[in-house]
Amino acid sequence: MTIEILMPALSPTMEEGTLSKWLVNEGDSISSGDLIAEIETDKATMEVEAVDDGKIGQLLVAEGTEGVKVNTPIALLVDSSELPHATIKKIADKPYLEKEKIPAKPFNNKPISIEANSSLISVREALRNGMAEEMRADKSVFVMGEEVAEYQGAYKVTQGLLDEFGDKRVYDTPITEHGFAGIGIGAAFGNLKPIIEFMTFNFAMQAMDQIINSAAKTLYMSGGQMGCPIVFRGPNGAASRVAAQHSQCYASWYAHCPGLKVISPWSSKDAKGLLKAAIRDPDPVIFLENEVMYGQSFSCPDDEDFLLPIGKANIEKEGNDVTIISFSIMVGKSLEAAEILKDRNINAEVINLRTLRPLDTDTIIESVKKTNRVVTCEEGFPFSGIGAEISALIIEKAFDWLDAPVKRVTGKDVPMPYAANLEKLALPQVDDIVSACVEVCYKD
Amino acid sequence: MKKSTAKKILIETKMNYDLNLLQDMYKKMLLIRRFEEKAGQLYGMGQIGGFCHLYIGQEAVVVGIQSAQIEGDSIVTSYRDHGHMLACDMDPKGVMAELTGRKDGYSKGKGGSMHMFSREKGFFGGHGIVAAQVPIGAGLAFAHKYNGNKNVSITYFGDGAANQGQVYESYNIASLWKLPVVFVIENNKYGMGTSVNRSSAGENLSDRGEAYGIKSEIIDGMDILAVRDAAIRAIDYCRTGKGPYILEMKTYRYRGHSMSDPAKYRTRDEVDKIRKTSDPIENIKSLLNKMGVEEKTLKDIDIDIKSVIAEAAKFAQDSPEPSEDELFTDITIN
């Protein structure tokens, strides 16, 4: 009996990985629990154990192959008592995949035109490059958080920083968000520029008091004396199949509070330009990344002084019929929706907010005056969400320009369920955006 | 050794202190006391609003520790902060004007009693959330270490705060990273209306540092010379890179937790007894007497201080309210 050994999923968001090393050879007898391979995921390099006993009949994927999809057969295991080695060889003549380099997955799996003086890099690399460049330029910038140094980052965003900058600039903390957020704030009061990584923003809830009461409010309470130049960054929003406590968008929580700046990038360009701007900014900045976006690649400027302005939205696609206003991962979904809407003769404009506080009111209002219809789009809960704020803003400033009520596409008003089908229902999908646009254009 | 002999030696040791230093400490303690009395009075007159937490009775703690600091050290504390600001040589006029919510206050009237700062004097607040200043103080120590200067962070908190989780998160990291921070627990026996015995497990609050490998001492916080000696030891320990240090100061506040606290959780007798037997200002005053300082000199000091306070109170009441434009300033820097 031949058993296929499949490429395992080793993280919630892993869709593919690199088979970095085989730890067994063809013909080796193995028992369940033996290490058979090293696989590099988007987060780490992991060792894979055999589940069954038997003999390795054939290795189907060459060492070093990148982009091996989860559930692809990577080896054949035979019952060692059944078949001699020679017979097995015939089952498959050549490996499924020769060692080849599959480039990082570009956004929407479409070819991306690389702009001048730019490279195709992932959001993860863009964030890391942004931090590294700022750390090179300014000795007062340092990184602190859980697993950011020796482990190289729980999501590999800080990969290589310890090697380059050493342990006086990159600090592994204990798992004490409240404590290290406060220490970061104290260090910022002491004129340093900390970058505090939260493994995810779900855990930043533990540090909420320090972020709001100490970082956000002290400048005001001190009559302008106590600036707090700090960046709190990490993944925000839903990852994949990690349920309610690990899947929440905190955009509206932070955006609610004066004293903070709140940024949520979408592309690699956003990530680099805005993170660098955040590090240089004298105010406390909440920098909401998205785990699902880390592995996506975009064209990103190489310039070490490339900055994007905080408080400025970007029109990712121009259109005349309806404005879709979104941020973070939903920008990509909005662009996909805009493609589909073309077939229905709806030319949608897509605004990537980039910054949630201060909100780029002008860009929003100008767009409303052009399209007269608005769909907001976010992963977070609807109640008191970013969409609710934008809707109120439009009613206050551009009510007479509206041809239809503002429509919100949001996460459902429920804690995130674990089951795959329910999770999908809970999150806003491209189809939801399409339907909302059709509805406000009265084309349904 | 007989008790009386021991006491005599103690007094003789104390009499070896530099007279100028003792007089300065006396002046500062008295300044704090008179300032707080005036603040209480202005509160009663409706000139000061909101919460107002007075430091009366605890003066020896901050003045004793301050006497062991050097230029560049940072100080951070809770909302019972007026004494700390005066000890840092912040201007009583600016502090009082903040209490009255006026434009010339240290925070332009936007912080109030609990939230005042002076970067210039190394005073980093003034924090209203119980124990929030503790990781901030550890962070200031982190900055000293990061910058490679020899300064330390003095981080004050009360017995009530000592039960907050972030204190222990800070102990852990401060000890791991050998941060130059002196954690000063001002144990005044009551966290608002709940006595330490009713809120805190274990024998002593300072013992809790042991689990983190942090050295600690318990000090009579009503005896300024004991405070100063301990502060010299603790600060020297931190300054020489050995890591954090805990000083638990046994002290007492004479007034309620805040101005609106009737303090029914303790007897009048308890307060009177401490006032009569261990008042920190009376303690040092009698020492100064023994060292030959004349009653008249002490009286003159008192008169001088009273006039400084009267001037501060007048200034604080004459200063205008902040302009309405200030509502929207200082939210972010840019």
Side-chain angles (χ1 to χ4, degrees), chain A residues 139-140 142 144 167-169 171-194 196 206-207 209-210 212-230 257-261 280-285 310-311 357-358, chain B residues 74 76 98 103 105-112 114-120 124-129 131-148 151 153 155 164-174 176-177 179 181 322 326 328-334:
Chain A
K139 294 261 182 296
S140 64
F142 70 95
M144 184 191 277
D167 61 6
K168 297 281 174 280
R169 306 282 300 280
Y171 291 83
D172 279 327
T173 64
I175 308 169
T176 54
E177 284 80 7
H178 201 182
F180 71 73
I183 286 174
I185 291 163
F189 288 154
N191 292 325
L192 300 183
K193 291 183 180 165
I196 305 295
Q206 300 253 14
D209 170 62
Q210 285 290 354
I212 304 298
N213 277 317
S214 301
K217 296 179 183 171
T218 303
L219 183 73
Y220 194 81
M221 293 196 304
S222 65
Q225 282 187 73
M226 298 287 293
C228 188
I230 191 167
C257 191
L260 293 177
K261 287 173 179 163
R280 293 185 193 187
D281 197 86
D283 293 311
V285 179
I310 295 172
R357 176 184 269 270
Chain B
S74 40
V76 67
E98 189 60 37
K103 114 182 208 304
Y106 267 96
S107 299
K108 305 181 195 166
K110 298 200 280 191
M114 302 186 282
H115 317 107
M116 270 180 264
F117 309 81
S118 170
R119 272 191 184 278
E120 187 201 344
F124 289 84
H127 292 268
I129 305 295
Q133 76 276 17
V134 180
I136 290 172
L140 289 163
F142 177 94
H144 290 313
K145 187 171 168 137
Y146 189 97
N147 290 329
N151 285 116
S153 157
T155 300
Q164 285 274 23
Q166 55 184 322
V167 171
Y168 301 95
E169 298 191 18
S170 305
Y171 279 5
N172 185 42
I173 292 178
L176 266 178
W177 297 349
L179 300 181
V181 48
E326 285 293 344
F328 291 108
T329 63
D330 306 323
I331 297 164
T332 53
I333 291 173
N334 69 13

One option among A:Gly190, A:Ala188, A:Ala187 has the most heavy-atom pairs under 4.5 Å with chain B, and it is A:Ala187

Chain B heavy atoms under 4.5 Å from A:Asp167: which part of the residue, side chain, backbone, both or neither? neither

Between A:Met144 and A:Ile183 the two heavy atoms that sit nearest each other are CE-CG2, 4.0 Å

Given B:Lys108, B:His115, B:His144, the one with more heavy-atom pairs under 4.5 angstrom with chain A than any other is B:His115

Quick one: what part of A:Leu192 sits under 4.5 Å from any heavy atom of chain B, side chain, backbone, both or neither? side chain

Applying side chain to side chain contact (heavy atoms under 4.5 Å, CB included) to B:Trp177 and A:Thr173, what does each step give before you reach the verdict? CA-CA 10 Å; B:Trp177 297 349; A:Thr173 64; 3.9 Å; yes

Residues B:Ala141 and B:Leu179: closest non-hydrogen pair is CB-CB, 4.0 Å

Residue B:Ile129 versus chain A: region with a heavy atom under 4.5 Å: side chain

Using a 4.5 Å cut-off on heavy atoms from C-beta on, say whether the side chain of B:Val167 contacts that of B:Tyr171. yes

Closest-packed option against chain B by number of heavy-atom pairs under 4.5 Å, given A:Pro194, A:Ala216, A:Gly224: A:Gly224

Who wins among A:Gly179, A:Pro284, A:Ala181, A:Pro358 for the most heavy-atom pairs under 4.5 Å with chain B? A:Gly179

With only heavy atoms counted, which part of A:Lys217 is less than 4.5 Å from chain B, the side chain, the backbone, both or neither? neither

Under 4.5 Å to a heavy atom of chain A? For B:Phe117 that would be both

Identify the heavy atoms of A:Ile196 and A:Gly184 that sit nearest to each other, and give their distance. CD1-CA, 3.9 Å

Using a 4.5 Å cut-off on heavy atoms from C-beta on, say whether the side chain of B:Ile136 contacts that of A:Phe189. yes

Turns out that what part of A:Gln210 lies under 4.5 Å from chain B's heavy atoms comes down to side chain

Which atoms of B:Thr332 come close to chain A, meaning under 4.5 Å heavy atom to heavy atom: side chain ones, backbone ones, both, or neither? both

Bottom line for A:Gln206: the part with an atom under 4.5 Å from chain B's heavy atoms is neither

Point-to-point distance, once rounded to the nearest 0.5 Å, from CD of A:Gln225 to CZ of B:Arg119: 8.0 Å

Mind ranking B:Phe124, B:Tyr146, B:Tyr106 by heavy-atom pairs under 4.5 Å with chain A and telling me who comes out on top? B:Tyr146

A:Cys228 and A:Thr218, any side-chain heavy atoms less than 4.5 Å apart: no

Any side-chain donor paired with an acceptor under 3.5 Å for B:His127 and A:Ser214? no

Does the ring center of B:Phe142 lie less than 6.0 Å from the ring center of A:Tyr171? yes

Tell me, for B:Asn334 versus chain A, whether the close heavy atoms (under 4.5 Å) come from the side chain, the backbone, both or neither. both

Is it the side chain or the backbone of B:Ile173 that comes within 4.5 Å of chain A heavy atoms, both, or neither? side chain

Picking from A:Ile185, A:Asn213, A:Asp209, which has the most non-hydrogen pairs under 4.5 angstrom with chain B? A:Asp209

B:Thr329 versus chain A, the contacting section by heavy-atom distance below 4.5 Å: backbone

Honestly, the part of B:Glu326 sitting under 4.5 Å from a heavy atom of chain A is backbone

Are the side chain of A:Ser222 and the backbone of A:Leu219 linked by a donor-acceptor contact shorter than 3.5 Å? yes

